[in-house]
Amino acid sequence: MDMSALLELQNVTIRFGGLTAVDGVDMKIDRGTIRALIGPNGAGKSTIFNIVTGIYSPTAGRVLFNGQEITGLPPHVITKKGIARTFQNIRLFGKMTVLDNVKIGQHCRSSCDFLSAVTGFFNPKVKKEEKEIEERSLEALELMELADKRYEYAQSLSYGEQRRLEIARALATKPSLLLLDEPAAGMNPQEKQTLMKMIRKIQDMGLTIFLVEHDMKFVMNLSDRIAVLDYGRKIAAGSPEEVQKNPDVIAAYLGKDVD
Amino acid sequence: MKKKGLLLTIMVLLTLALLAAGCGGEKDSKDTAASGSGGGDTIKIGFLGATTGDQADFGSKTLAGMKMAAEDLNKEGGVLGKKIEIVEEDHGSKLSEGVNVVQKLINRDKVVAIVGDPTTGITKAVAPIAESSHVVLLSAGAVGANVVNTEDGKLREYVYRNTLLDAVAAPAVVKYLAEELGWKKVAIVTTKDLDYSVGLTKIFKKALADNGIEVVTEETIMDKDRNFAATVTAIKPHQPDGIVFTGYYTAGGLFMKEVKKQGLDINMVGGDGLLGSTLWEMGGEAVNGSMVYCGFEADPSMAQGKTKDFIERYSEANNGEMPNMFVAQGYDAVMMLADAIKAANSDDPVKFKEEIKKLKNWQGVSGTITIRENHEPLKSPVYLLEVVEGENGQQFKVKAAIPVEG
Amino acid sequence: MSAFLESILDPYYIQVLTLLGVYIIAALGLNLITGVTGMFSFGHAAYFAVGAYGAAILTVKYQFPFYGALLAGGIMAALAAVIIGFPALRLTGDYLGIVTLGFGEIIRVVFLNLDITGGALGLAGIAKESSIVLVYTLVLVTIYVMYALQNSRFGRALVAIREDDIAAEAMGINISAYKIKAFAIGCFFAGVAGALYAHLLLFLNPTDFGFAKSFEFLCFVVLGGLGSIPGVILGTSVLTLAPEFLRSLSDYRMLIYGALMVLMMIFRPNGLLGGVDLQRLVFKNKYKSQAGRSTAAGG
Amino acid sequence: MLLEVNNLHVSYGAIRALAGISFTLNKGEIVALIGANGAGKSTTLCTISGLIKPAQGSIMFKNMDLVKMPPHKIVNLGISQVPEGRRVFPDMTVLENLEMGAYTRKNRSEIKESLKNVFQRFPRLEERKHQLAGTLSGGEQQMLAMGRALMSKPEVMLLDEPSMGLAPMLVKEIFEIIKDINRSGTTILLVEQNAHMALSIAHRAYVLETGEIALSGRAEELANNEQVRKAYLGED
Amino acid sequence: MFEQQIINGLTLGAVYALIALGYTMVYGIIQLINFAHGEIYMIGAFVGVMMVTILGQGFFVSIIAAMMVCMILGVLLERVAYRPLRKSTRLAALISAIGASIFLQNAMMLWKGPQPVGFPQVINDAIYHIGSVEVTKVQLIILATSAVLMAILNYIVKYVKIGKAMRAASQDYDTASLMGININRVISFTFAIGSALAAAGGVLVGIYFNTVEPLMGVMAGLKAFCAAVLGGIGSIPGAVLGGIFLGVAETIGIAAGFSTYKDAIAFSLLIIVLLFKPTGLLGKPIQRKV
């Protein structure tokens with residue numbers, strides 16, 4: 001077992017009915033790195049995210065996190081172990097405030113039972129914990145530059161802000177691995193620049209990042225290593241330069257005349 | 001947009017109208033209440049029952065009888081020189097609303113007596129309220145146990161009823177079945193979701209055992225059932241001499257239809273829950289020969305005197321419709337109260353309730369009523385009616401008049 | 001206190017208002033399930049019935065002290081909720097709704113056929129214990145518990161589940177555990193309300209606890225405004241008092257009641273107070289300057 | 001000018017999707033709308049076809065404002081949309097899907113004629129005409145969606161992300177077909193994330209950024225535009 | 001004996017199926033549980049009675065008239081109570097449906113009284129013997145009428161333009177409108193067809209049980225809805241299968257002596273099926289979309 005890898009996929013396969021969405025994918029992500037997963041729509045990228053985070057159970061294969069098998073565990077357990085994610089089609093709690101959205105992220109790091117809920121207004125312990133949650137939530141919001149919008153409803157934010165809020169919420173779970181599913185989608189070039197800086201900052205905090213993204217410039221600039229998926233199979237992996245030059249990748253995904 | 005505006009206006013108007021109506025109603029009752037309690041010119045009698053919902057028929061019919069009685073009394077100048085006023089309320093057969101209605105009748109409308117409820121359940125539930133508020137509750141339909149007394153046997157001072165009690169009638173009828181008709185084996189069909197039927201079955205079973213009639217099979221149905229094929233098929237192999245059916249007429253008529261359809265040539269006998277033209281409207285020819293007991297001579301050809309006059313006047317006023325038991329008992333309830341008030345020379349329930357206790361051989365349109373020591377009514381004789389093909393189609397005909405004693 | 005109220009209010013008002021209080025407690029329970037957590041429950045009357053029968057049987061047949069029976073009624077209802085909840089809460093949306101409805105009907109039929117409940121004869125001889133003061137004290141307790149719950153981490157998690165269960169799960173919330181807990185707590189209050197109902201009306205009959213009653217509870221909550229505590233109280237009050245107000249219309253009142261339900265939904269599809277955040281409305285300025293802890297009222 | 005979109009504003013609740021865009025479509029053109037996810041491209045198409053009602057603005061087609069019309073009337077006027085993600089009716093056969101495309105037409109022989117044309121253009125659909133649409137591959141579904149739109153004999157065809165999720169080889173094929181459809185007289189408004197392909201077949205293009213038009217011009221001009229190359233063609 | 005009960009069950013099931021079809025079609029298109037559907041069935045039954053008693057018509061004319069009246073009523077119901085709520089929450093529409101249901105029940109009770117009304121005998125009591133099984137003429141007519149109506153429905157949905165549009169709309173509402181399908185008209189049509197089938201069911205039940213009453217739609221409606229869910233809501237063959245399954249199961253339950261648990265049988269079956277097959281017997285599995 002390679003202990004330098006934070007996340008390891010071994011021969012992960014999933015079938016839906018007759019369709020093999022992910023087909024024997026192996027992957028290792030080293031601690032502290034940024035790994036990108038690219039490929040055409042329907043290649044199985046988001047499905048891999050869903051397997052890692054426990055939303056789907058793979059038909060075959062294993063997922064190891066920190067050297068521990070997490071295959072098929074329920075999502076909330078996996079989150080608690082330190083994997084957080086964002087979603088391709090934004091999944092915020094629209095009718096909750098921005099701050100509350102992030103607080104939900106801290107849920108798995110705090111205690112919460114019926115008794116403490118009912119005594120919440122006068123129980124100093126609960127109050128103290130809530131205060132800590134709020135402070136940490138604000139930190140995450142500040143990092144994603146959303147602190148001044150904390151009392152707005154999540155559904156009233158702009159598209160780019162919603163994407164950043166998703167990241168803030170994921171960070172609040174105190175993960176060691178952050179999965180970003182098309183974080184730059186729908187952002188304009190300036191927003192993408194800012195986002196890239198933010199992601200670098202997150203990496204500097206010691207987190208490992210695993211991302212799916214279509215914007216090649218974004219991916220090439222940010223990633224340490226890239227894996228390419230096509231029809232559920234991994235067709236290439238390597239540094240951005242290697243991948244860009246890989247003839248299979250050019251044929252399947254990038255197109256031949258990117259000059 | 002225009003449409004929505006219009007609808008909105010309609011809704012606002014409707015709501016306003018309702019509120020206005022609601023307030024108006026309140027005012028009315030307050031005014032009269034003030035005068036009523038001060039010995040004004042009306043005596044208020046409340047009606048408790050359902051006029052909406054699936055059991056509305058019992059309530060509506062009782063109310064019709066009560067109104068007819070009030071009219072008759074008022075035509076002759078009222079009682080103690082005061083007009084009788086019926087205050088009607090609907091509870092839609094909901095227990096919680098029944099309790100609300102009683103509270104309203106007593107406290108807002110200041111009635112001196114309440115007639116109702118036609119069913120045992122709600123009467124039982126509201127009896128303690130009438131008792132503690134010192135208002136007479138006279139049920140014109142409740143037949144079950146623990147109405148005039150509490151669960152631990154204590155007599156209630158303000159609660160009475162004027163119905164034929166199954167506990168009195170059923171044993172007499174069973175005796176007749178055994179001795180006159182020679183029945184030896186019967187099947188009992190209980191309507192499991194009717195308190196009336198469950199209670200009546202218990203009484204019948206005891207009476208059957210006492211008279212040496214064997215119960216070969218016991219079947220249960222639900223009051224809303226309309227398809228009895230499976231149940232009748234189950235009875236068939238036991239070859240009973242007859243069926244004791246303790247439910248209501250709708251199910252009873254349809255049940256007999258199925259019995260005859262499956263080739264069983266037997267008849268049923270049941271309580272006054274079967275008493276109504278609905279029985280043959282549902283059962284057609286299949287109910288010819290079916291027997292029903294009641295304390296009321298609902299046979300226009302045999303009825304005499306008061307009852308005959310009542311039947312004629314009612315059917316005249318209602319397009320030829322025959323009065324049923326609930327109409328008659330509703331009518332009698334008001335008349336009993338009126339007589340008690342006259343006898344006490346007071347419309348104070350504390351006083352006239354004593355006169356109700358004293359009613360002996362009281363002649364009503366629904367039979368002769370005696371209030372016994374235990375406050376329970378005794379109606380004698382019990383009429384056993386049979387469905388026969390008459391001149392104007394099917395009708396009830398008195399088969400036997402069985403005298404009973406307390 | 002009770003004596004004082006009785007001296008100024010006539011027993012009719014007391015009866016109507018006490019019953020209203022009982023319904024408010026049950027409706028607030030359903031609001032936690034449907035309004036806050038977003039689970040359809042079309043069988044709330046079943047838990048109300050479990051509490052009513054459970055408590056009444058304990059006081060009538062086993063001479064339990066009333067307060068013990070009250071608590072026991074709530075606990076029995078919560079237990080019933082857990083038993084049905086474990087398999088059923090895997091289902092979502094209308095499927096959960098129809099299963100809860102089916103369960104409600106099964107409970108009613110079982111109560112009709114059991115001996116201990118008295119079947120169709122009903123259960124009588126229950127002592128009068130639910131005074132208006134007791135009921136409204138419990139209404140206040142319920143409001144407090146619901147308010148505290150909704151504004152706690154627990155309530156926040158429930159709202160998150162309602163808004164997006166997959167995202168909630170991905171944020172580390174054990175959604176099945178929370179759903180069961182919310183369901184059980186909501187049904188606990190239905191059970192307590194049922195116990196109060198039994199000791200207010202003093203007579204129980206299975207026909208009073210059919211799906212019509214479940215839908216009545218659902219209407220209280222939806223018409224008031226899903227997730228909004230003041231909304232639910234308002235909705236319950238309007239719908240409980242409407243039949244009393246409509247009395248003067250006698251035979252037409254249920255007809256109008258039905259029509260009003262349709263019209264109210266058409267004009268306020270989110271409920272009377274749905275989408276109105278009272279906290280924000282009242283504390284507009286304060287809210288902006290202070291750290292708010294409210295989770296949004298649903299709609 | 002066949003279609004003129006003027007100052008279109010669309011919001012979803014508090015989120016503004018389109019902040020006043022204006023553009024035109026001339027007869028016989030292929031016009032591409034390019035931009036990132038969430039820039040408002042699909043919203044624009046759905047507003048034209050009537051699925052979404054704008055807060056403000058007008059969409060003029062043959063002197064009629066489409067804004068006030070329900071979708072089925074707009075189809076009747078000759079505007080047909082191929083929705084994003086194909087959206088074929090999965091439990092209906094290929095033939096039934098195509099018949100649905102001709103829903104607004106009455107003349108049976110003309111419909112037959114169109115069906116023949118579609119089968120000519122997409123022979124694979126004819127082979128599978130009795131198969132359920134849900135069992136087709138992604139590429140075949142795209143063809144079916146396009147064939148279905150052609151069945152209404154549209155003057156304007158709105159294409160939403162036709163390349164989405166398709167293998168590169170198929171993408172080429174689809175774009176060839178689009179060009180061909182255009183050549184036979186149908187005006188095309190194309191929304192595409194694959195800016196490269198879109199610009200290669202379009203006459204003109206508009207670049208959408210967060211609900212506003214950032215750039216517009218002839219396709220080859222845009223393809224050579226520094227900004228576009230950087231932002232949308234993945235080049236430095 | 002057993003075969004006999006199967007025939008009884010099939011007859012009951014055929015009626016459940018007719019009502020269930022309306023639920024399933026409406027649900028398929030607008031995801032609404034039309035709780036007032038049971039009342040349409042009830043009104044259909046009353047129209048049938050009135051056709052026979054007041055106008056002296058026979059079975060055939062009565063059932064057609066009932067279907068026509070209920071078609072109009074169903075369309076009106078959708079217009080008034082559901083269309084304004086098309087974009088609102090599911091629960092809002094559901095409450096509106098319950099309100100409409102209460103309204104229709106009480107309207108009928110005000111008009112005709114709460115009492116059951118006998119359905120005059122329009123079909124004679126003839127009994128046919130098929131092997132060891134006895135089938136009454138009424139049963140045969142119910143089975144035959146249901147079969148014919150279901151065949152007509154099948155034809156409409158499969159081969160008639162608006163029927164196909166119905167299917168298209170139930171699979172993809174927005175895309176259907178992009179085809180030029182007037183969704184409002186399709187929804188009205190769906191209500192019309194569903195209501196007509198319910199009305200036919202009402203008349204058939206009236207003839208079978210010899211009686212109709214204002215509250216007959218409540219339990220029948222709920223059970224038919226159960227049948228629709230049991231078969232897989234949204235699926236037309238599912239509704240037929242669910243209805244027949246429920247009818248047979250219930251009859252066997254009564255025959256086995258559980259008549260007082262009759263209503264619980266339907267719901268218990270439903271719960272058991274849903275726990276193992278969460279979208280019903282013929283329902284498509286829902287995939288968690290992430």
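Side chains included, hydrogens not; waters and symmetry mates left out as well; all remaining heavy atoms used. Every chain is numbered from 1, with letters handed out A, B, ... down the list of sequences.
Looking at C:Val159 and A:Phe93, their side chains never come closer than 4.5 Å, going by heavy atoms from C-beta outward. Side-chain contact between C:Asp164 and A:Leu92 is absent, with no heavy-atom pair separated by less than 4.5 Å. Within the 4.5 Å cutoff, the side chain of C:Glu169 has no heavy atoms near those of the A:Thr53 side chain. Two residues are said to be in side-chain contact when any heavy atoms from C-beta on lie closer than 4.5 Å; A:Val118 and C:Phe154 fail this criterion.
Both the backbone and the side chain of A:Arg169 come within less than 4.5 Å of a heavy atom of chain C. Only the side chain of A:Ile133 comes within contact range of chain C, with heavy atoms under 4.5 Å apart. Interface remark: A:Gln106 contributes no atoms to any contact with chain C (heavy atom separation under 4.5 Å). Looking at A:Val77, neither its backbone nor its side chain comes within 4.5 Å of chain C, counting heavy atoms on both sides.
Other residues, nucleotides and ligands contribute only 12 or fewer heavy atoms inside 6.0 Å of the CZ atom of C:Phe64. Few gaps surround OH on C:Tyr144; more than 12 heavy atoms of other groups in view lie less than 6.0 Å from it.
How far CD of A:Gln155 is from CD of C:Glu163: 7.5 Å, rounded to the nearest 0.5 Å. To the nearest 0.5 Å, atoms CG (A:Asn123) and OG (C:Ser152) are separated by 11.5 Å.
The two atoms that bring A:Phe87 and C:Ala170 nearest to each other are CZ-CB, 3.7 Å, heavy atoms only. The two residues C:Ala167 and A:Arg91 make their nearest non-hydrogen contact at CB-O, 3.4 Å.
In terms of heavy-atom pairs under 4.5 angstrom with chain C, the leader among A:Ser111, A:Cys108, A:Ala117 is A:Ala117. The greatest number of non-hydrogen atom pairs below 4.5 Å with chain A, out of C:Leu149, C:Ile173, C:Val145, is found for C:Ile173. Heavy-atom pairs under 4.5 Å with chain C were tallied for A:Gly105, A:Gly120, A:Pro175, A:Gly94; the largest tally goes to A:Gly94.
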(request) Apply the test side-chain contact (heavy atoms from CB on, under 4.5 Å) to residues A:Asp113 and C:Lys181: give CA-CA distance (whole Å), side-chain angles for both, the deciding distance (0.1 Å), then the verdict. (result) CA-CA 10 Å; A:Asp113 55 59; C:Lys181 280 183 202 165; 5.8 Å; no
(request) Take A:His76 and C:Asn174, measure what side-chain contact (heavy atoms from CB on, under 4.5 Å) needs, and give me the verdict at the end. (result) CA-CA 6 Å; A:His76 63 97; C:Asn174 182 350; 3.2 Å; yes
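Look at C:Arg156 and A:Glu130 and you find a salt bridge, because one of the NZ, NE, NH1 or NH2 atoms lies within 4.0 Å of a carboxylate O, short of that distance.
Of the N and O atoms on the side chains of A:His107 and C:Tyr178, at least one donor lies less than 3.5 Å from an acceptor on the other residue.
Contacts of C:Phe183 classified as ring-ring contact (aromatic ring centres under 6.0 Å, His included), with partners at least two apart in sequence or in another chain: C:Tyr47.
Between the side chain of A:Thr173 and the main chain of C:Met171, no donor-acceptor pair closer than 3.5 Å is present.
Residue pairs meeting the salt bridge (Lys or Arg N to Asp or Glu O under 4.0 Å) criterion with at least one member in residues 69-87 of chain C: none, sequence neighbours excluded.
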